[in-house]
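Step one of this worksheet: look at the structure below.
Scope of the values below: all heavy atoms of this structure, side chains included, with no hydrogens, waters or symmetry mates.
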Amino acid sequence: MTNMIQSAKDQVAALTQAAYERAAAAGVLPAGGEGVKATIEIPKDTAHGDYASSFAMAGAKALHMAPRAIAQAIVDHLELEGSYFNKVEIAGPGFLNFTLGPKWYGDVLSAVEVEGPAYGSGDEGGGRTVMVEFVSANPTGPMHMGNARGGVLGDTLANVLARDGWKVWKEFYVNDAGNQINKFARSIYARYQQIVWKDDTLPFPEDGYQGEDIRELAQALYEECGGDFINEPEEDALFQMAQFGLERNIPKMKEDLKKYGIEYDQWYMESWLHDRGFVADTVQVLTDKGWTYEKDGALWLNTTELLKKKYMAEGRSQEQVDKLDLKDDVLRRANGFYTYFAADIAYHRNKLEERKFDLAINIWGADHHGHVARLQAALDGLGLDGSRRLVIVLMQLVNLLQDGKPVRMSKRTGKAIALHDLLDEISVDAARYYFNNRASSSPLDFDLDLAVRQDSENPVYYVQYAHARICSLVARLAEEDGVAVPAAACVDAAVFATTEELALVKSLAQYPEELHLATRDYDPSRINRYLTALAGDFHRFYNACRLKGEEAAVLAARLKLADTVRSVLANGLNLLGVTAPEKM
């Protein structure tokens, strides 16, 4: 797909090299400049041109000439006819500053028109497969604010990866086994017993889940089954409690996430790994490869040695590695039960070995940072190249604010604000835009008051309003003046003369690069920042450049430019899972 910024850089390199060859053939420059590695940058100040090449400085040593003399020879032999550029000037010690001409501005509009919703797409993925696993909240209670941020981060990253040529699979890993499910079952059972015996003083597990949602599950169980489970063996009763709770909580999670605009290709159950013996098999593979040992009746993973091997391969010195406080991990407890870490290793082996994903990306809370290298090292130990094929995107906390003060508790549950409570307060559009508005590595302040405001201070409103404003403009000109948006081929880009017009076209050209960088850095918040900047450039253009009453060529060019902005705004909002309204 077209990247007009890269195309311009490539053309600067080609024009410069061709000019050098002509100058060398004419005897003005000596041989030896064929392999010059010049940088091509975009100056911050457009007074210095739109693109700057360092060819003259980079070639000075090989050509044994002063950079400005080389630069002058290049300029004298440049042929710009039919190129993207209308002039080149020498600056400073010998920079070649290229200024864009009408052809480039017109081709940007054409690229957006021709590629439509696919504009900005890339092929970095090359058809390789990637699983993005995100949210994966314990099914023991409602999803909270951290899950809300992780949800939109994972979903948007998946969209961005798909646009850059990856075959994407979205997955939710359900921890329906292990200690937290046992605690979940015991919590429901204790509340159930209190209801059956009508005695709130009956003991409740010290580490049990205290939320109102547990009481509601116990009450629902009692209303459906009465006191049937009171006389059953406790082990059987607890199994029933867990199943009852999961059968109600998981559909609620799916419903909340669907309301949030998130649907998965699969909800993968941890119990599936245990039921078919895959956790035990994975641990056995690690044992066969010599990475485990027994101590105090438990089976341990030699994480220390695996991490040393990983860090040394990454270029750390032996001294640096020796200073690290490395510890081993239990895989199977003395009671025979496998740990969560063992199940996690097995699950990621399933991703990379059984299902053969080329890359696995997980969205985790920042509190899991210590687990990242350990899991990658364990996969390295299995021969699965986990250090390269498993990418963990760590996500910082969310601070919910209202009236300038932190909001910490849900009125309904007395616990952290739940996702469904949040979506009762604000729109899905606002939630998705806000939660993706900063890089995952930065803490996020979510201002409830700002999220519902309808003014330029609210970033999602600001961007959506730009889209709606263009739709209204196009409709008004069609209705009042019979003017339709022209095809790009009918636009004379030479009429673009104002700073606002030129800056707006350059912003449109930046979109493919932003998508590429969002993929490279696993940072879809770049799309938010880009859309906000594009909306700002449009509003400045709209305020500075009239359309109605202008001569036909200017009106056509400006109308096409505005409608092209509309197309790219809709494109980016769609990636974020946010609507692009035609009226506001």
Side-chain angles (χ1 to χ4, degrees), residues 1-112 114-115 120-124 126 488-489 492-494 496-497 502-503 505-506 508-513 516-517 520:
M1 292 295 181
T2 305
N3 182 330
M4 291 300 297
I5 290 177
Q6 188 58 50
S7 295
K9 288 183 176 181
D10 292 343
Q11 197 173 99
V12 167
L15 289 168
T16 305
Q17 187 63 36
Y20 161 73
E21 291 171 4
R22 282 190 289 272
V28 178
L29 290 176
E34 295 79 4
V36 171
K37 302 294 184 183
T39 59
I40 300 168
E41 306 291 343
I42 299 176
K44 292 181 179 179
D45 186 353
T46 55
H48 298 151
D50 296 303
Y51 292 86
S53 170
S54 67
F55 183 92
M57 288 89 76
K61 185 175 181 180
L63 301 179
H64 306 288
M65 288 181 66
R68 283 192 69 92
I70 297 172
Q72 187 61 59
I74 295 293
V75 170
D76 291 343
H77 290 82
L78 274 169
E79 293 183 2
L80 300 180
E81 184 71 28
S83 78
Y84 287 145
F85 304 95
N86 60 10
K87 69 175 181 178
V88 181
E89 296 176 331
I90 302 169
F95 283 107
L96 295 166
N97 289 344
F98 288 71
T99 299
L100 290 164
K103 177 173 171 52
W104 185 85
Y105 291 101
D107 281 3
V108 172
L109 302 185
S110 294
V112 180
V114 169
E115 296 175 17
S121 299
D123 59 2
E124 282 291 311
D492 179 8
F496 292 139
L502 301 179
V505 181
K506 289 176 183 176
L508 292 168
Q510 184 66 28
Y511 185 54
E513 184 68 8
H516 167 67
L517 294 173
R520 185 198 69 184

What is the minimum heavy-atom distance between A73 and H77, and which atoms define it?
O-ND1, 2.9 Å
Taking only residues at least two apart or on different chains, which pairs with a member in residues 29-42 satisfy salt bridge (charged side-chain N to carboxylate O under 4.0 Å, His left out)?
none
Can you name the residues that form a side chain to side chain donor-acceptor pair (under 3.5 Å) with S54, not counting sequence neighbours?
T39
Suppose we screen for side chain to side chain donor-acceptor pair (under 3.5 Å). Which residues come up paired with S7, at least two apart in sequence or across chains?
none
Return the minimal non-hydrogen interatomic distance between L63 and P30, and the atom names on each side.
O-CG, 3.3 Å
Only pairs at least two apart or in different chains count here, so list each salt bridge (charged side-chain N to carboxylate O under 4.0 Å, His left out) that has a residue in residues 16-26.
R22-E79
Short side-chain to backbone donor-acceptor contact, E115 and T2, under 3.5 Å
yes
Can you check whether I40 reaches D10 side chain to side chain, under 4.5 Å on heavy atoms?
no
Which heavy atom of G94 sits nearest a heavy atom of M57, and at what distance?
C-SD, 3.5 Å
Can you list the residues that meet the salt bridge (charged side-chain N to carboxylate O under 4.0 Å, His left out) rule with K87, with sequence neighbours excluded?
E89
Quick one: CG on L502 to OG1 on T46, what's the gap to the nearest 0.5 Å?
8.5 Å
Residues in side chain to side chain donor-acceptor pair (under 3.5 Å) contact with Y105, at least two apart in sequence or another chain
none
Output for pair (L100 CG, K506 NZ), nearest 0.5 Å, gives 6.0 Å
Can you give me the closest heavy-atom contact between A56 and P67, atom names plus distance?
CB-O, 3.1 Å
Hey, does Y20 have a side-chain heavy atom less than 4.5 Å from the side chain of I70?
no
Residues that D123 engages under side chain to side chain contact (heavy atoms under 4.5 Å, CB included), provided they are two or more places apart:
none
Beyond-backbone contact of F95 with I90, side-chain heavy atoms, under 4.5 angstrom:
no
Search all heavy atoms of N97 against all heavy atoms of A52 and return the closest pair with its distance.
OD1-CB, 3.3 Å
Listed by chain and number, what are the salt bridge (charged side-chain N to carboxylate O under 4.0 Å, His left out) partners of K9, not counting sequence neighbours?
none
Only pairs at least two apart or in different chains count here, so list each side-chain hydrogen bond (donor to acceptor under 3.5 Å, both in side chains) that has a residue in residues 56-68.
none
Sorted by chain and residue number, the side chain to side chain donor-acceptor pair (under 3.5 Å) partners of D76 (sequence neighbours excluded) come out as Q72
Should I5 and I42 count as side-chain neighbours, where that means a heavy-atom distance under 4.5 Å?
yes
Quick one: ring pair (Phe, Tyr, Trp, His ring centres under 6.0 Å) partners of F496, sequence neighbours excluded?
none
In Å and rounded to the nearest 0.5 Å, what is the CD1 to CZ distance from I74 to F55?
4.5 Å
Between W104 (side chain only) and M4 (backbone N and O only), is there a donor and an acceptor less than 3.5 Å apart?
yes
Any idea which heavy atoms bring N86 and L80 closest together, and the distance?
C-CD1, 3.9 Å
For F98, give me all partners under ring pair (Phe, Tyr, Trp, His ring centres under 6.0 Å), at least two apart in sequence or on another chain.
F85
